[in-house]
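Scope of the values below: all heavy atoms of this structure, side chains included, with no hydrogens, waters or symmetry mates. Chain letters run A, B, ... following the sequence lines, proteins first and then strands; every chain starts at 1.
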Amino acid sequence: QKEVEQDPGPLSVPEGAIVSLNCTYSNSAFQYFMWYRQYSRKGPELLMYTYSSGNKEDGRFTAQVDKSSKYISLFIRDSQPSDSATYLCAMFHWAGSYQLTFGKGTKLSVIP
Amino acid sequence: GAGVSQSPRYKVAKRGQDVALRCDPISGHVSLFWYQQALGQGPEFLTYFQNEAQLDKSGLPSDRFFAERPEGSVSTLKIQRTQQEDSAVYLCASSPRETGQGSDIQYFGAGTRLSVL
């Protein structure tokens, strides 16, 4: 079992829908939780990062962390065609050496 | 520059050739990271630098992979005697902070797509 599990999709939704993207993890030492968006042939771009359990909102995006269940989510409200991309969860902890672990990514298509 | 710049964007190599991939981080960024992203996968950590010091190279897949950042800014990832399994996108990221000091926000370049024939 990988440390971070993410359903690769693809996920296809109509414009305006609410999108829910999820990751589970097994390493309870992870301290920081991030969501990156990656457009085709581009590098990942940081969308959200959180430290503690709970919700964090930024515009149409909400990141949710449940450390007790080792589960994180990203919600996108009023999805737009421009949101079509691959969404990567990533988790970090410092263990005397560098440890940033990414999920596989979920490919999202928002259909006009 | 405004962001992390990587060159070349695309590289085709014959099996057995050596390649060098360049990364120009955001000016003033202390930490620099290299990742390998295979098709349909998330980035996998290779190595990172804090200024010119290579603090962790545990992700390098073999001794054919070598990275340097001699003056603490530009970095080069070198792959010797390339193999087909080296085909991937190689991403570089930089961060303004030293790793381990709180949240670790990284800014990624667009990557170099390496194809080994």
Participant: Heavy-atom pairs under 4.5 Å with chain B are the metric here; pick the option from A:Q31, A:R41, A:K107, A:E45 that has the most.
Facilitator: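 The option with the most such pairs is A:R41.
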
Participant: Using the six-membered ring wherever Trp is involved, compare the ring planes of A:F33 and A:Y25 and label them parallel, tilted or perpendicular (cut-offs 30° and 60°).
Facilitator: tilted

Participant: Heavy-atom distances under 4.5 Å only: say whether B:Q37 touches chain A with side chain, backbone, both or neither.
Facilitator: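 The answer is the side chain of B:Q37.
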
Participant: For A:P44, is it the side chain, the backbone, both, or neither that has a heavy atom closer than 4.5 Å to a heavy atom of chain B?
Facilitator: both

Participant: Just checking B:L117: does its CG atom have more than 12 heavy atoms from other residues, nucleotides or ligands closer to it than 6.0 angstrom?
Facilitator: yes

Participant: Does a salt bridge link A:K70 with A:E5, judged by any charged N lying under 4.0 Å from a carboxylate O?
Facilitator: no

Participant: Compare every heavy atom of B:D56 with every heavy atom of B:T47, then report the nearest pair and how far apart it is.
Facilitator: OG1-O, 2.7 Å

